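A quick write-up on the structure given underneath.
Residue numbers start at 1 and run along the sequence shown. Since we're looking at a predicted model, the values are computed, not measured.
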Amino acid sequence: MGAERLAEAVRAVDAAGFQIHIHAIGDAAVRQALDAIAGAIAANGPRDRRPVIAHAQLVDDADLARFAELGVIPNMQPLWAQLDALMTVLTVPRLGAERADRQYRMHTLAASGAPLAFGSDWPVSSGDPRDGLAIAASRTTLDGEPAGGWTPDEIMPIEAALTAYTTAVAHQAFADRAEAPWGRIEVGASADLVHLGSDPRDCDPHDLPRIQVRQTYLAGEATLDAAPTGAPDPNPAHPASERSAALPS
């Protein structure tokens, strides 16, 4: 789809009252998506639209501030922000080192005021937020490579990463309504909860995937009740670094 056809489609979708949700990976695609959203806003007027650009893997410097300016939610997958083989073998050689280091600028976008939300792109990669949190808070593989993290300026503080997986997702889904909000722990909220064996704010990021899930609740009803083991679950079969080889295409 060319830029003009995309812009036309986005205007029509927006005019019908639907939420705009565009998947864009490369910097040209992200710019086209931002341009289309800006055009829809200009054509259809202001409203609470919460447009989404999923992935936003590569964003040109000139477009970083536009997410906040337009109220666009970058829905990103932190599990992918690591120098694994999919990055070093398939992606970096195609982008070149300079452009490759501009990928997954989660901290930069959040600091700009963009309403950053996290997702997984399951089932082609792990849907477990513990895996994504580990990468977001370290920018390393689970083996700790590279030391200090890849593009360490983009490391997310753990509190911000947790917010991106919870409150920010509820905002994206228009689920932060006053009568029963999601994504927050407070009286009157929808009790969709996970009880972990350790506080993720106190863990080394590389230990996050091994934290035991003790209980889960959906709307206040228990859906899992696991006996505590007294130690984090090592879970050696956990697919924390597994991703589909088709993702970078």
Side-chain angles (χ1 to χ4, degrees), residues 23-31 33-34 52-70 72-121 125-126 128-169 171-172 200-201 203-209 240-241 243 247-248:
H23 287 225
I25 291 179
D27 45 9
V30 170
R31 178 168 293 174
L34 289 167
V52 179
I53 296 179
H55 308 313
Q57 177 171 336
L58 183 61
V59 181
D60 190 273
D61 287 349
D63 293 319
L64 287 167
R66 298 180 69 196
F67 284 83
E69 292 167 359
L70 296 169
V72 174
I73 299 166
N75 181 279
M76 305 179 77
Q77 293 67 43
L79 181 64
W80 300 354
Q82 57 174 309
L83 285 179
D84 60 1
L86 288 178
M87 184 63 70
T88 59
V89 176
L90 296 181
T91 306
V92 173
R94 288 167 171 80
L95 290 178
E98 181 180 352
R99 292 178 75 225
D101 283 349
R102 297 178 192 160
Q103 295 181 89
Y104 302 114
R105 298 168 82 173
M106 301 168 189
H107 188 276
T108 295
L109 283 165
S112 76
L116 175 68
F118 281 163
S120 69
D121 214 40
S125 61
S126 171
D128 191 330
R130 295 172 298 176
D131 299 337
L133 285 169
I135 306 302
S138 69
R139 302 284 288 203
T140 71
T141 66
L142 290 185
D143 295 327
E145 298 296 332
W150 170 55
T151 57
D153 288 348
E154 297 300 335
I155 291 173
M156 293 285 291
I158 187 63
E159 288 276 8
L162 287 165
T163 296
Y165 266 121
T166 54
T167 309
V169 174
H171 172 76
Q172 176 185 321
R201 298 169 297 182
C203 292
D204 182 286
H206 302 100
D207 292 333
L208 288 168
S241 60
R243 292 193 279 151
L247 286 177

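Among all heavy-atom pairs drawn from H107 and I155, the shortest one is CD2-O, 3.3 Å. Between G132 and P78, the closest heavy-atom pair is O-CB, 3.5 Å.
Here the straight-line distance linking atom NE2 of H23 with atom CD1 of I53 works out to 11.0 Å at 0.5 Å rounding. Of the inter-residue distances, the one linking T140 atom OG1 with D84 atom CG reads 11.5 Å to the nearest 0.5 angstrom. Taking CE from M106 and OG1 from T151, the interatomic distance works out to 9.0 Å, rounded to the nearest 0.5 Å. Atom-to-atom distance recorded for L116:CG and Q172:CD is 10.0 Å, nearest 0.5 angstrom. Interatomic distance, Y165 OH to M156 CE, rounded to the nearest 0.5 Å: 10.5 Å. Here the CZ-CG distance, from R139 to D153, works out to 9.5 Å after rounding to the nearest 0.5 Å.
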*Begin with the C-alpha distance, continue with both residues' side-chain angles, and end with the deciding distance and a verdict on side-chain contact (heavy atoms from CB on, under 4.5 Å) for S112 and L64.*
CA-CA 8 Å; S112 76; L64 287 167; 5.8 Å; no
*Show your working on side-chain contact (heavy atoms from CB on, under 4.5 Å) between R201 and E159 and close with a plain yes or no.*
CA-CA 7 Å; R201 298 169 297 182; E159 288 276 8; 2.9 Å; yes
*Verify side-chain contact (heavy atoms from CB on, under 4.5 Å) between L133 and I158, making sure each step is shown before the conclusion.*
CA-CA 7 Å; L133 285 169; I158 187 63; 4.1 Å; yes
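You'll find the side chain of D128 stays beyond 4.5 Å of the side chain of P209, heavy atoms only. Two residues are said to be in side-chain contact when any heavy atoms from C-beta on lie closer than 4.5 Å; L58 and I25 fail this criterion.
Side-chain atoms of Q57 do not come within 3.5 Å of backbone N or O of Q103 as any donor-acceptor pair. Under the 3.5 Å distance criterion, the side-chain polar atoms of T167 are left unmatched by any main-chain donor or acceptor of T163. A donor-acceptor contact shorter than 3.5 Å is absent between the side chain of T141 and the backbone of Q82. For T91 (side chain) and A100 (main-chain N/O), no donor-acceptor pair under 3.5 Å exists by modelled atom type.
Sequence neighbours left out, the pairs with a member in residues 96-117 that pass salt bridge (Lys or Arg N to Asp or Glu O under 4.0 Å) are D27-R99, D61-R105, E98-R102.
Using cut-offs of 30° and 60° for the angle between ring planes, the W80 and H55 rings count as parallel.
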